[in-house]
Amino acid sequence: MKVTVITAFPEFFRAFFETSIVGRAVERGLLEVDVVDLRDYGEGSYSKIDDYSFGGKGGMVLMAEPLALALEGLKGDPYVVYPSPQGVPLTQETVETLFSKGDVVIVCGHYEGIDERFVSSRVDLELSIGDYVLTGGELPAMVIIDAVSRLVPGVVGKGRSVEEDSFFKGMLDTPHFTRPSSWRGQDVPDVLLSGNDGAIEDWRRREAVRRTLERRPDLLSRSGLLGYMDKNAFLMLPLSEVSSPWEIRSIARSCGFYGVSKLLIPVEDRDTRDSVRSLILREDLGALVKLFPSVARALRWVSDKEKAVPYMVGFNGFNSSGLSWLEIKREILKVSRPVIFMAGGDEKDCDVTMRPVAGDDRSRSALPVQNAISVVLDRFFGWR
Ligand code: SAH
């Protein structure tokens with residue numbers, strides 16, 4: 001990963017690039033950094049880099065020409081970022097995008113900002129670190145570099161996964177504790193000292209869920225639930241929902257793709273069940289699909305297997321009075337029960353029903369069931 005900073009105040013970066021985790025990453029060559037002094041490209045004997053804002057009330061603006069010369073002095077074709085309060089908000093997604101670019105240059109503004117003609121012709125992305133105004137782009141540049149560097153393999157210490165950090169999977173991290181186990185009358189939760197890896201894992205998962213629900217429920221829209229649920233997830237597909245048994249194949253694959261434990265198919269008629277069974281065997285879907293003579297038998301099987309009564313989430317193409325999928329997502333995290341998504345299910349057979357998947361074209365009939373299922377599974381189990 002290579003990052004270049006163009007700034008009128010290079011001294012800001014000396015300690016930053018030599019200290020702690022970022023410093024070690026630079027020293028070990030995991031992060032290649034360069035700081036370009038904008039004044040080296042200034043005009044005249046005073047190395048002028050700024051001038052009064054046209055039509056303004058005295059504020060200074062960084063001139064376009066020194067910035068362009070500094071940029072043109074760089075090798076390669078870096079991705080150009082301008083930290084600005086008017087940029088798109090910096091999030092973990094943006095950080096990942098910048099990391100994927102591999103070669104990034106950050107142009108630091110100062111005073112009133114930089115000449116808009118440079119921004120419109122040379123900047124690929126304007127990024128804001130929050131809704132407040134700072135005196136310069138140097139601190140935002142450090143924020144961006146720090147966040148990107150954590151994604152470079154080897155930068156964050158061994159045995160420690162950035163995947164557990166807040167936002168990575170769309171959830172907040174769990175609380176952390178260190179020695180001593182008792183500090184001024186406050187003890188570390190017993191489970192963390194138990195040495196029981198499974199119990200510790202469960203505790204950490206629950207704490208992450210609790211914190212996210214309490215503090216940042218908005219994050220749930222982009223988190224995949226699978227690693228955070230106490231029990232497994234299932235999809236129930238009554239045969240009446242599919243127009244041809246072949247659809248079972250693509251629906252089963254969606255279940256596998258999103259980590260749904262099993263596709264449960266209730267089929268009352270024995271001959272039909274046999275023919276569906278042979279299709280499943282032929283398509284090698286035995287591990288993903290399970291057939292039952294009735295919905296009740298399928299429910300009992302899940303209850304026995306998961307040792308808890310399943311939470312039934314119905315969805316269909318017509319019931320527009322249900323809950324929003326986001327509310328249901330929050331509920332699923334609260335109930336600690338296995339979840340069965342029931343295609344075609346409504347209030348009489350489910351705990352909740354979900355509002356139908358809606359698109360622009362309301363006049364047509366509902367989305368084909370296998371498409372609707374993929375959309376629904378993605379909302380709950382897809383990675384952001
Ligand atoms: N007049 C500008 C603010 C200029 S602040 C405005 O109101 O939009 C000076 C410089 O600080 C900016 O050019 C930018 O590089 C940086 N900066 C200030 N606040 C920032 C923020 N919240 N996020 C990113 N960069 C910021």
Side-chain angles (χ1 to χ4, degrees), residues 1-17 19 21-22 31 33-43 46-74 78-101 103-151 165-167 216 218-219:
M1 180 79 212
K2 180 171 181 200
V3 187
T4 307
V5 184
I6 297 177
T7 172
F9 302 91
E11 54 277 19
F12 263 119
F13 292 87
R14 206 164 300 129
F16 176 64
F17 284 136
T19 312
I21 297 178
V22 170
L31 190 64
V33 295
D34 195 12
V35 180
V36 173
D37 188 346
L38 186 60
R39 284 184 202 278
D40 292 346
Y41 297 90
E43 287 175 0
Y46 291 106
S47 277
K48 189 176 165 62
I49 55 167
D50 53 3
D51 212 328
Y52 291 101
S53 171
F54 278 128
K57 296 197 178 77
M60 303 301 279
V61 176
L62 293 181
M63 298 190 300
E65 185 61 13
L67 289 166
L69 291 175
L71 194 59
E72 283 153 16
L74 303 178
Y79 188 75
V80 183
V81 174
Y82 169 46
S84 148
Q86 299 173 34
V88 295
L90 180 70
T91 61
Q92 193 62 28
E93 279 91 347
T94 342
V95 170
E96 284 162 21
T97 306
L98 290 182
F99 173 62
S100 74
K101 300 288 176 195
D103 185 5
V104 173
V105 50
I106 303 177
V107 180
C108 302
H110 228 87
Y111 317 114
E112 286 302 314
I114 67 183
D115 192 302
E116 189 60 28
R117 290 166 294 184
F118 177 84
V119 180
S120 56
S121 62
R122 304 298 165 89
V123 169
D124 295 310
L125 183 66
E126 272 184 74
L127 271 183
S128 166
I129 65 162
D131 290 345
Y132 39 80
V133 180
L134 302 166
T135 56
E138 283 74 15
L139 287 171
M142 290 186 223
V143 169
I144 296 166
I145 295 167
D146 189 293
V148 171
S149 67
R150 298 186 96 247
L151 298 181
D165 286 330
S166 297
F167 312 118
R216 293 294 305 278
D218 58 298
L219 290 181

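Indexing begins at 1, ligand by ligand and atom by atom, following the structure's order.
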Between L62 and L67, does a side chain to side chain contact (heavy atoms under 4.5 Å, CB included) hold up when you go through it step by step? CA-CA 8 Å; L62 293 181; L67 289 166; 4.2 Å; yes
Here the atoms of ligand 1 under 4.0 Å from any heavy atom belonging to Y111 are 4 (C), 5 (S), 9 (C)
Could you tell me the separation between the CZ atom of R216 and the CZ atom of F167, rounded to the nearest 0.5 Å? 5.5 Å
To the closest 0.5 Å, what do you measure between CG (L74) and OG1 (T4)? 5.5 Å
Please confirm whether L62 comes under 4.0 Å of ligand 1, counting heavy atoms of the residue only. no
Would one find an N or O of V133, backbone or side chain, under 3.5 Å from an N or O of ligand 1? no
Within ligand 1, which atoms have a heavy atom of G113 less than 4.0 Å away? 13 (O)
Under the side chain to side chain donor-acceptor pair (under 3.5 Å) criterion, do T94 and T91 qualify, and how do the steps go? CA-CA 5 Å; T94 342; T91 61; 3.0 Å; yes
Under 4.0 Å from ligand 1, counting heavy atoms only, is it the side chain of D131, its backbone, both or neither? neither
Please identify which atoms of ligand 1 are closer than 4.0 Å to at least one heavy atom of L134. 5 (S), 9 (C), 11 (O), 18 (C), 19 (N)
Given 3.5 Å as the limit, does a donor-acceptor pair link the side chain of D124 with the main chain of V80, or not? yes
Can you check whether I114 has an N/O within less than 3.5 Å of an N/O in ligand 1? no
Got M1 and L31 here, is their nearest side-chain heavy-atom distance under 4.5 Å? yes
Pairwise distance CD1(I49) to NE2(H110) - rounded to 0.5 angstrom: 9.0 Å
What protein heavy atom is closest to atom 13 (O) of ligand 1, reported as residue, atom name and distance in Å? Y82 OH, 2.6 Å
Options E112, E126, E138, H110, ranked by nearest heavy atom to atom 1 (N) of ligand 1, top entry: E112
Atoms of ligand 1, numbered as shown, that sit under 4.0 Å from any heavy atom of P140: 24 (C), 25 (N), 26 (C)
Report the relative orientation of the aromatic rings in F13 and F17; use parallel for angles under 30°, tilted for 30 to 60°, perpendicular for over 60°. parallel
Spacing of NZ belonging to K2 relative to CG belonging to D34, to within rounding of 0.5 Å: 6.0 Å
Can you tell me which residue and heavy atom of the protein come closest to atom 24 (C) of ligand 1, and the distance to 0.1 Å? S84 N, 3.2 Å
To the nearest 0.1 Å, how far is atom 26 (C) of ligand 1 from its closest protein heavy atom, and which atom is that? P85 CD, 3.6 Å
Ligand 1 atoms in contact with G137 (distance to a heavy atom under 4.0 Å): 11 (O), 15 (O), 16 (C)
Heteroatom proximity flag, G130 to ligand 1, N/O under 3.5 Å: yes
Proximal ligand 1 atoms for S128, defined as those under 4.0 Å from one of its heavy atoms: 22 (N), 23 (N), 24 (C)
For ligand 1, which atoms sit closer than 4.0 Å to a heavy atom of L127? 24 (C)
Short version for Q86: what comes under 4.0 Å of ligand 1, heavy atoms counted, is side chain
For ligand 1 and P83, I'd like to know whether there is a polar contact (N/O to N/O, distance under 3.5 Å). yes
Could you check whether R39 pairs with D37 (Lys NZ or Arg NE/NH1/NH2 to Asp/Glu carboxylate O, under 4.0 Å)? no
Could you grab the distance from atom CD1 of I145 to atom CG of L98, nearest 0.5 Å is fine? 10.5 Å
Nearest-contact summary for atom 23 (N) of ligand 1 - protein heavy atom, Å: I129 N, 3.1 Å
Decide whether Q86 and S84 meet the rule of one side-chain donor and one side-chain acceptor closer than 3.5 Å. no
